[in-house]
Each structure stands twice: as C-alpha cells, then as structure tokens.
Amino acid sequence: MPFETLQGILLPFLGTVLGAACVFVMRSALPPAVQRSLTGFAAGVMVAASVWSLLIPAMEEAEHLGQLAFLPAVAGFWLGILFLLLLDRTIPHLHRDSASPEGPRTRLGRTAMLVLAVTLHNIPEGMAVGVVLAGWMAGDETISLTGALALSIGIALQNFPEGAIISMPLRAEGAGKKRAFLYGVLSGVVEPLAALLTILAAGLILPALPYLLSFAAGAMIYVVVEELIPEASEGEHSNLGTLAFAAGFTVMLALDVALG
C-alpha cells in the first residue's frame, strides 16, 4: 500500500485521537454553546465533502452515460441513506443530550452507547476517505492525490471536536482521564477500518466507483440531517451552530478546490 494512502487513512483517526486528548488538558466539559458550534462545524465539513469530494466526482466518472450520468450518483446516494438507516435501527446507541437510547433494547451502559453513536457516523466518513483514495490508486482522472488528502484533512478537522465531545462529557460524569481518552479513541477506530475495507471493495469492483462515491455521500448526509444538525440547533443561541456550519462548509470547500 502506498505511503500516501496510509497517510490519508490515518489522518482522520489522528484528528479523533488529538480531540480525545483534550481530556488531559481541560478540566471541565465543553460548554453547550461550544459543543453546538463544533457539531455545526462538523456538519458543514461533511456536507461540503459529500458534494465536492464525492457526488461531483461520481457524476464526472459516469460522464460516458451522457444525460443519464446522474443515475449512479442518485442510486448510490439512496443506498447510502438506506444503509445508515438500517444501522440506525439495528445498533443500540445513545445520542448526546438524549434521555432514551435508539435501536434495539440492550444491557449496554450509557457510556458504551454514547461511543456507539459516534462510531455509527464515523463509518461513512471512513468509507468516504477509502473510496476517494481507491479512485486515486486506480488512476482515476477525476481524483487527484491532493484532492484525496484534502478530504482526509477535512475529515480530520471535524474529527477533532468529535473526539473532545465524546471524551470530555465522560470525564465530567466521573470517568478517569485515561478511560475517557480511551473511549474517545475507540469511537474513531472504525474510520481507518472502514477506509481499508472500502479500498479493498473498490479494488475488486472498480466499475462501481461512482456508486461507492455517492454511497459514502448519502451515508454522510444521513448522519448530518438525522443527528448533527438537530444537535447543533437545539437550545439557546442556535445561530452559533448555523454559523459554525457555514464555517465548516467553506473550509472544506476551500480545501477541496485549493488542493483538488
């Protein structure tokens, strides 16, 4: 595996690790307004990445279909939405600031279900990184190495607050610093795994690349609409989450255009 590919896979995970490490330097949980802002920023990055790094390349890849070049993007997008819906219904998890868990009944504790909630929306992020890197490795003309790394950097930037958002509340609830850090790191382990599996899958079925690109986009949009936007806009001063969303969107847009 090329070093650049390994770098692209690990960058987002490094963002999660650094965010989780905030538990060693900060004494208390993040204020609600800060959490909303960070969540909004993450949502903006994911939406911009879905459009510029995934959906547009998927349609460019299918240009040979002429006026029907949108079909792989539409089909893959809906498959990604339905895949995340399935995971949402079958995996027990608990969203931040939610009183009741989602999914099937389980004996898992609150901490484990909080970690599972973050893990769920890390899956499509890992898939997104993996499929773009797979396209670059296959020599796809619509995907450059700098574009693939721009996506990895963008995901890493939004993983930093996610790592902090999972570890800091656990510390505030009484967990030790090392345990809170470990849970934050574990929530991000699924990303490099999902990226590796997607690279392998794309290598086996390269003609399906447009579908895989849009599949990852649909999965990320599901997470944004179902989880991140509601969390960013709840409570007082919800405009902070909106402004942070715009900031995340423009940061990812700029990264993709400048580096892609």
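A continuous path of Ile, Leu, Val, Met, Phe, Trp and Tyr side chains, each step under 4.5 Å between heavy atoms, connects I221 with V132, placing both in one hydrophobic cluster. In this structure, Y211 is not a member of the same hydrophobic cluster as L86, with clusters built from ILVMFWY side-chain heavy atoms closer than 4.5 Å. Cluster membership for L79 and L65, using ILVMFWY side-chain heavy atoms within less than 4.5 angstrom, is shared. Both I56 and L133 belong to a common hydrophobic cluster when Ile, Leu, Val, Met, Phe, Trp and Tyr are linked at side-chain heavy-atom distances under 4.5 angstrom. Both I199 and L145 belong to a single network of hydrophobic side chains, linked directly or stepwise wherever heavy atoms of I, L, V, M, F, W or Y lie under 4.5 Å apart.
The two atoms that bring L85 and Y222 nearest to each other are CD1-OH, 3.5 Å, heavy atoms only. The two residues P2 and M137 have their closest heavy-atom pair at CD-CE, 4.0 Å. Scanning all heavy atoms of the two residues, the minimum distance from L157 to V251 falls at CD1-CG1, 4.0 Å. When all heavy atoms of S152 and V129 are compared, the pair lying nearest together is OG-CG1, 3.6 Å. Considering all non-hydrogen atoms of both residues, V185 and A20 come closest at N-CB, 4.1 Å. Minimum heavy-atom separation, M127 to A194: N-CB, 4.0 Å.
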Verdict with reasoning, T16 to E162, per side chain to side chain contact (heavy atoms under 4.5 Å, CB included):
CA-CA 7 Å; T16 302; E162 284 186 359; 5.5 Å; no
Starting from the C-alpha separation in whole Å, work towards a yes-or-no answer on side chain to side chain contact (heavy atoms under 4.5 Å, CB included) for F41 and F245. CA-CA 4 Å; F41 182 87; F245 176 94; over 6 Å; no
Worksheet entry | Test log, rule side chain to side chain contact (heavy atoms under 4.5 Å, CB included), inputs F77 and V74 | CA-CA 5 Å; F77 184 86; V74 171; 5.7 Å; no
I would like to know whether V189 and T119 meet side chain to side chain contact (heavy atoms under 4.5 Å, CB included); could you show each step before the answer?
CA-CA 8 Å; V189 167; T119 300; over 6 Å; no
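At distances below 3.5 Å, at least one donor-acceptor pair connects side-chain atoms of S214 with backbone N or O atoms of P72. The backbone N or O of G147 sits less than 3.5 Å from a side-chain atom of S144, completing a donor-acceptor pair. Judged purely by atom type and a 3.5 angstrom limit, S53 has no side-chain atom pairing as donor or acceptor with the backbone of S50.
Among N122, L10, L196, I9, the single residue meeting the side chain to side chain contact (heavy atoms under 4.5 Å, CB included) criterion with E191 is N122.
Between F181 and K177 the shortest side-chain heavy-atom distance does not fall below 4.5 Å. Side-chain atoms of I153 and L11, non-hydrogen and from C-beta on, do get closer than 4.5 Å to each other. At a threshold of 4.5 Å between non-hydrogen side-chain atoms, the residues F13 and P192 count as touching. With a 4.5 Å cut-off on side-chain heavy atoms, L54 and V131 count as touching. Annotation: side chain of T146 is not in contact with side chain of L149 (no heavy-atom distance under 4.5 Å).
A164 is linked by a side chain to side chain contact (heavy atoms under 4.5 Å, CB included) to C22, L30, M168, counting only residues two or more places apart in sequence or in another chain. When the ring pair (Phe, Tyr, Trp, His ring centres under 6.0 Å) test is applied to F249, the partners found at least two apart in sequence or on another chain are W52.
Atom CG of residue D88 and atom CD of residue E227 lie 8.0 Å apart, to the nearest 0.5 angstrom. Distance check, rounded to the nearest 0.5 Å: CD of E60 to CG of L55 gives 11.0 Å. Distance check, rounded to the nearest 0.5 Å: CG of L255 to CD1 of I155 gives 10.5 Å. Atoms CG and CD, on L120 and E226 in that order, are 9.0 Å from each other to the nearest 0.5 Å. If you take OG1 on T198 and CD1 on I123, they are separated by 10.0 Å, rounding to the nearest 0.5 Å. The distance from the CG atom of L14 to the CD atom of Q7 is 10.5 Å, given to the nearest 0.5 Å.
Checking Q158 against E125 by side-chain atom types alone, a donor-acceptor pair falls below 3.5 Å.
Between F215 and F83, the ring center distance clears the sub-6.0 Å criterion.
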